[in-house]
Amino acid sequence: MPVITYRDAVRQAMDEEMARDASVFLIGEEVGEYNGAYKVSQGLLEKYGPNRVIDTPITEEGFAGVGIGAAIAGLRPIVEFMTFNFSLMALDQVINNAAKTLYMSGGKVRVPVVFRGPNGPAEYLGSQHSQALQTFFAHCPGLKVVAPATPYDAKGLLKSAIRDDNPVVVLEGELMYAWKGDVPAEEYLVPIGVAEVKRPGNDVTIATCSKPLRMTLETAAALEQEGISAEVVDLRSLRPLDDETVCASVRKTGRCVIVDESWPVCSVGSHLASIVSNKCFDDLDAPVELVASEDVPMPYNHALELAAQPSAERLVAAVKKVLYLQ
Amino acid sequence: MAQAAPLKKYGKPLLHRLLRQMLLIRVFEERCAQLYGLRKIGGFCHLYIGQEAVAVGSIAAIDLTTDYVLTGYRDHGHALACGMDPGAVMAELFGKATGCSRGKGGSMHLFDPGKHMLGGNGIVSSQIPVATGVALAVKYRGDRGVVLSYFGDGAIHQGAFHESLNLAKIWDLPIVYICENNQYGMGTDFRRVSSVTDFSAMGASYGIAGRQVNGMDVLAVYDAVAGAAALARDKGLPAFLEIKTYRYRGHSMSDPAKYRSKEEVEEHRRQDPILILRARLEDAGMLAADDYAALEEKCVKETDDAVAFAERSADPALETLFEDVLA
């Protein structure tokens, strides 16, 4: 099976969907002539021309709204935010228009738009450029939100998002773009709203998504050496959230740790913790633990910024806590 | 007053249609005010009384089989001018299942995609980038349509307006931006909060031709929009019109409008768009006194029927609460 980067997987998804459906187009800052700020759209302008790979000025509210309008009029736009930090400039469009037009129109007006780009902390970028903002979108009914952590899921979920008749927020990651993984040459889709057990285990369930998945899998492998068998569930979609797959795992293991790189207050992680605590109350042998980013803006200093994020050390500590090993 | 000759070019059917539509909106909106008082209609209800010539004149100048309309929350007039069923609009205001948005939209969110009326947006200026995107789709597909994007004077200082004009110009989009300057953003006189008071000048910053139009004269609106729409459609030249108008009522039903004098309102009422057109038609011998009375009676009947339909319609079933969240 071909091994490609997350970046190439995202590009393949867009390329294949643009080839398949003439109503699909890409719009955003530097997506065309610059070939993408993170080179995700490399070569697409050359292949599809400026009518379908549209460079915009730095005007997030404007081009996010343009994507919504084009979707309402029957196209399937892919709106790229250079990073989701900048999507905050367009939050009104995403929350008030993309998420609500179907409902406000009594089901008459669909908005099949994709908002995609990197989300979550990178390195040395400081407070405004290193944020995991999934909570903002996952909070809002009328949106779908996915946060793939592997090239395989990134491609399959983005293709599903483009074909979906609803607005879908696709959260990628700057540091993940260079990650490699198996991606089949033949076409496939990954369904939105379905989590996946990425590593089977018996002693503890660790649920996570997006970039922390890699650290979680590495930590699970290390825990195996200590005789702790961790089951890792990759949420993949945050809305709809496949809490049933998490709960099924917790019913087996009796213990649950959630790793979420966003802030801990009112987050997807804290929401999932409440669901697991509620639905699996009789199965749990320990309270659910949440390993989130610290409740602070991201600092610039590298040691500080690493300390702000979920780490293997904190995950190990949480796992041992729910296993009463410390 | 106008002579017969300039009126002739419009033809009697169009002139009567313009008068009938303005009158229907007037009667419909006055009824809405009563029904709001009776608590049949709730929440925010922004009436269009006084501004009828803007929606009616502009929408009459386009072809809704190819063209599109998007507006803000003061949208009853645009909905009716687009030919939406008054019964479905009134039922929506009543929150009934038979409303154009199944009772989930309300006054600010009237939609009829079949008639190319794409809403009713409650956030000041939020519809302007969306309308720009509809224009992008028209151009993307090589269609011959044009988009009318309406907003008020309150929206003109929002970034969404300025971002949209820039995008429309760099992409040569077929869109006409229409600022309905009714002179008050809620209770604030636009002159108090605007660096320029001739908004039409704002188009120039983006290389877009702007002009002011008398929004109390339905024919002036019709001519201006017909011209701008033709350029947008045929040459990809976006346009910006500041249409000067006036709302007789407060910003919404809860606004007693104490920030302006009775004299000021009276002065504008003397330039009432319906009275102006009626007088011109009568002067030109194109409307008999009986004609007007018959027209008015028809509009009252149509509104009565709309209210009756809304009254007898059922509330939405509670389970519809969960419908239409996702497609």
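All values below were derived from every heavy atom in this structure, side-chain atoms included, with hydrogens, water molecules and symmetry-related copies excluded. Per chain, numbering begins at 1; letters A, B, ... match sequence-line order. What you are looking at is a predicted structure, and each value in this text was computed from that prediction instead of being measured.
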Using a cut-off of under 4.5 Å on heavy-atom pairs, state which of [options] scores highest against chain A.
options                                : answer
B:Gly105, B:Ala137, B:Pro113, B:Ser126 : B:Ser126
B:Gly103, B:Gly114, B:Ala327           : B:Ala327
B:Gly159, B:Ala135, B:Cys100           : B:Cys100
B:Thr132, B:Asn166, B:Leu136, B:Leu110 : B:Leu136
B:His162, B:Arg141, B:Glu323, B:His116 : B:Arg141

Could you look at [X] and say if it's the side chain, the backbone, both or neither that has a heavy atom under 4.5 Å from chain B?
X       : answer
A:Asn96 : side chain
A:Asn97 : side chain
A:Ala71 : neither
A:Ile72 : side chain

[X] versus chain A, heavy atoms under 4.5 Å apart: side chain, backbone, both or neither?
X        : result
B:Glu92  : neither
B:Ser164 : neither
B:Ala131 : neither
B:Leu326 : both
B:Leu321 : both
B:Ile170 : side chain

(message) Quick check: closest heavy atoms across B:Ile25 and B:Gly77, and the distance to 0.1 Å?
(response) CD1-O, 3.5 Å
(message) Quick check: closest heavy atoms across B:Leu167 and A:Gly62, and the distance to 0.1 Å?
(response) CD1-C, 3.8 Å
(request) Tell me, yes or no, whether the heavy-atom count around A:Gln128 atom CD, taken from other residues, nucleotides or ligands under 6.0 Å, exceeds 12. (result) no
In terms of heavy-atom pairs under 4.5 Å with chain B, which of [options] leads?
options                              : value
A:Val109, A:Leu102, A:Leu143         : A:Leu102
A:Gly107, A:Pro77, A:Ser105          : A:Ser105
A:Ala70, A:Ala99, A:Gly74            : A:Ala70
A:Ile27, A:Asp165, A:Leu75, A:Val111 : A:Leu75
A:Ile68, A:Thr56, A:Thr101, A:Asp92  : A:Asp92

(message) Assess whether a salt bridge exists between B:Lys40 and B:Glu311, defined as any Lys/Arg side-chain N lying under 4.0 Å from an Asp/Glu carboxylate O.
(response) yes
(message) I'd like to know if B:Asp67 pairs up with B:Arg144 as an ion pair, taking the criterion as any Lys NZ or Arg NE/NH1/NH2 lying under 4.0 Å from an Asp or Glu carboxylate oxygen.
(response) no
(message) Can you confirm whether or not the ring centre of B:Tyr73 sits under 6.0 Å from the ring centre of B:His109?
(response) no
(request) Could you tell me whether B:Tyr177 and B:Tyr206 have their ring centroids closer than 6.0 angstrom? (result) no
(request) Please say whether the positively charged group of A:Lys144, taken as NZ for Lys or CZ for Arg, lies over the ring of A:Phe137, i.e. under 6.0 angstrom from the six-membered ring centre and within 45 degrees of the axis. (result) no
(request) Please lay out, stage by stage, how A:Thr83 and A:His129 fare under the test side chain to side chain donor-acceptor pair (under 3.5 Å). (result) CA-CA 8 Å; A:Thr83 81; A:His129 283 71; 5.9 Å; no
Any idea how [X] and [Y] line up, ring-wise: parallel (<30°), tilted (30 to 60°), or perpendicular (>60°)?
X        : Y        : result
B:Tyr140 : A:Phe25  : tilted
A:Phe81  : A:Phe115 : parallel
B:His251 : B:His46  : perpendicular

